[in-house]
Undergrad: 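This is the structure I have questions about; it appears just below.
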Amino acid sequence: MKIAAIAVLSCLVACGQQDSILGQNVDGQSATPEPKTSQRKASPARQEAAHEEATQEEAIRRILERNLPDVPEREREKVYRKEAFTDRPTQRGVQIMKEIALFAARNKAPSGYGSEYDRLDKEASVNYTNKAIEASETPVDIQNHKVFENEAEREAYIENLVRRREITYQQREGRTLTNHEKQVVRSFTESQVSRREEDLKKYQEEAAQNAAPRVLPYTDAAGRAAYVKKKQEERLERFQALSSGTPVSAEQKQYLFKIAEADVLVEEAQARK
């Protein structure tokens with residue numbers, strides 16, 4: 001679960017958040033083009049956005065400075081990307097990723113849906129990021145992993161998401177939701193949560209089956225020969241079904257039989273683990 005959690009953190013930083021926070025590219029040049037003279041009189045909203053971007057850039061600069069004190073300032077972002085966004089991220093690369101993800105979660109820009117939505121959205125983002133950080137620090141066996149730690153956490157997640165969906169729906173429709181519409185939103189959200197839990201349970205069952213010792217269905221050479229023949233017939237039947245009954249050539253049949261024999265060898269290797 002540690003690798004998966006690091007991947008989540010990487011996505012939290014890279015998928016939409018890093019670009020809005022890190023205002024410079026890897027060469028140290030501004031990622032935002034210089035505005036034309038006619039555009040320099042910015043609106044209050046644009047000025048506020050520019051202020052937020054500057055605040056974010058300063059926060060990230062401090063995170064990089066704190067974690068990469070031995071690296072020249074203009075090289076820090078390049079080093080961070082190299083150490084964090086790789087198949088084998090370094091400890092400090094992951095640490096920077098955690099800090100950036102948590103900063104982004106705590107300082108999300110206004111959504112346009114109002115203060116209540118923004119509060120709920122920020123709360124959900126911080127909770128999700130903290131869980132990802134915790135998972136990266138304390139790996140949990142997949143069989144012990146849970147979507148929610150307890151019923152209270154599950155209910156809080158549902159209530160938060162239901163209310164955010166109600167707010168977006170109301171703004172889109174320009175009216176208050178009816179009781180029936182609220183129930184539809186809640187039912188849909190609860191069904192989504194249940195699917196997540198069912199998907200995890202299914203994955204855990206498959207992982208347990210794959211990890212369990214494999215028992216071969218034969219004990220001697222004659223049994224093995226019969227099993228290989230059965231596998232060959234199954235391969236041939238599947239091929240014929242996919243080819244809409246087209247006759248199978250001798251070369252194709254020989255190739256399919258070799259694949260079936262290889263399947264048996266794989267099963268035998270798994271049984272020896």
Side-chain angles (χ1 to χ4, degrees), residues 1-34 48-111 118-149 153 156-157 160 196 200 203-204 207 211:
M1 288 301 296
K2 185 171 183 177
I3 293 175
I6 291 176
V8 169
L9 283 172
S10 177
C11 186
L12 285 172
V13 174
C15 302
Q17 292 184 350
Q18 187 185 35
D19 290 339
S20 64
I21 293 171
L22 296 174
Q24 296 183 336
N25 61 25
V26 294
D27 294 322
Q29 298 173 333
S30 174
T32 305
E34 184 70 21
E48 182 179 353
H51 175 71
E52 288 178 358
E53 184 176 351
T55 301
Q56 291 171 344
E57 288 180 7
E58 176 60 19
I60 300 307
R61 188 190 66 77
R62 291 178 180 176
I63 291 173
L64 295 177
E65 181 180 28
R66 183 167 59 251
N67 287 278
L68 301 171
D70 56 329
V71 178
E73 183 174 358
R74 64 181 300 166
E75 296 292 322
R76 284 173 185 155
E77 185 182 339
K78 185 185 295 185
V79 171
Y80 156 61
R81 290 175 183 270
K82 185 177 180 180
E83 294 193 12
F85 296 93
T86 175
D87 292 339
R88 295 183 179 179
T90 65
Q91 184 175 357
R92 68 180 183 178
V94 172
Q95 179 60 33
I96 295 171
M97 204 171 357
K98 291 174 184 177
E99 293 184 29
I100 291 177
L102 196 54
F103 173 84
R106 288 172 174 164
N107 297 273
K108 298 190 73 172
S111 64
D118 290 341
R119 176 181 61 79
L120 293 169
D121 188 37
K122 185 180 297 185
E123 178 184 296
S125 295
V126 170
N127 288 341
Y128 182 76
T129 302
N130 278 328
K131 283 177 73 73
I133 290 173
E134 183 181 355
S136 71
E137 294 173 337
T138 54
V140 177
D141 183 86
I142 185 61
Q143 298 303 330
N144 298 323
H145 186 67
K146 301 175 183 177
V147 177
F148 304 103
E149 291 301 317
E153 182 182 318
Y157 175 86
N160 182 301
R196 282 181 60 190
L200 174 60
Y203 180 78
Q204 289 171 328

Undergrad: Could you tell me whether the side chain of Thr86 and the main chain of Lys82 form a donor-acceptor pair under 3.5 Å?
TA: no
Undergrad: Measure the shortest side-chain to side-chain distance between Ile63 and Arg66 over non-hydrogen atoms and say whether it is less than 4.5 angstrom.
TA: yes
Undergrad: List in chain and number order the residues that pass salt bridge (Lys or Arg N to Asp or Glu O under 4.0 Å) with Glu58, two or more places apart in sequence or in another chain; answer none if no residue qualifies.
TA: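 Once residues adjacent in sequence are excluded, the partners of Glu58 under the salt bridge (Lys or Arg N to Asp or Glu O under 4.0 Å) criterion are Arg61, Arg62.
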Undergrad: Is there a side-chain contact between Leu200 and Ile142, using heavy atoms and a 4.5 Å cut-off?
TA: yes
Undergrad: Any chance you could measure Asn67, atom CG, to Lys98, atom NZ, to the nearest 0.5 Å?
TA: 10.5 Å
Undergrad: One pair to check against side chain to side chain contact (heavy atoms under 4.5 Å, CB included): Tyr157 and Arg196. What are the steps and the verdict?
TA: CA-CA 13 Å; Tyr157 175 86; Arg196 282 181 60 190; 3.3 Å; yes
Undergrad: Work out which heavy atom in Pro110 is nearest to a heavy atom in Asp118; give both atom names and the distance.
TA: CA-OD2, 3.6 Å
Undergrad: Please report the shortest heavy-atom distance between Arg76 and Val71, naming the atom on each side.
TA: NE-O, 2.9 Å
Undergrad: Which heavy-atom pair separates Leu64 from Ile96 by the least distance, and what is that distance?
TA: CD2-CG2, 3.8 Å
Undergrad: Is there side-chain contact between Tyr80 and Arg92, with at least one heavy-atom pair below 4.5 Å?
TA: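 Result no, sub-4.5 Å side-chain heavy-atom pair not found.
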Undergrad: Whether Lys146 and Glu153 form a salt bridge (side-chain N of Lys/Arg under 4.0 Å from carboxylate O of Asp/Glu) is what I want to check.
TA: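 Here Glu153 does not pair with Lys146 in a salt bridge, since their nearest N and O are not under 4.0 Å apart.
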Undergrad: Any donor-acceptor pair under 3.5 Å linking the side-chain atoms of Gln95 with those of Glu99?
TA: yes
Undergrad: Might you point out which heavy atoms bring Glu123 and Asn160 nearest each other, and give the distance in Å?
TA: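 For Glu123 and Asn160, the tightest heavy-atom pair comes out as OE2-ND2, 3.4 Å.
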Undergrad: Any chance you could measure Leu102, atom CG, to Asn107, atom CG, to the nearest 0.5 Å?
TA: 9.0 Å
Undergrad: What's the shortest heavy-atom distance between Val126 and Arg106, and which atoms?
TA: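 Where Val126 meets Arg106 most closely, the heavy atoms are CG2-CG, 3.7 Å.
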Undergrad: Considering all heavy atoms of both residues, which atom of Ala105 and which atom of Lys122 are nearest to each other, and what is their separation?
TA: O-CG, 3.4 Å
Undergrad: Counting only heavy atoms from other residues, nucleotides and ligands, does the tally under 6.0 Å from CD of Gln143 exceed 12?
TA: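 Check passes, neighbour count above 12.
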Undergrad: Check each of Arg81, Glu83, Glu77 against Val79 using the side-chain contact (heavy atoms from CB on, under 4.5 Å) test, and report the only one that passes.
TA: Glu83
Undergrad: Is it the case that over 12 heavy atoms from other parts of the model lie below 6.0 angstrom from the CG atom of Asp70?
TA: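 It does: Asp70 CG has more than 12 such atoms within range.
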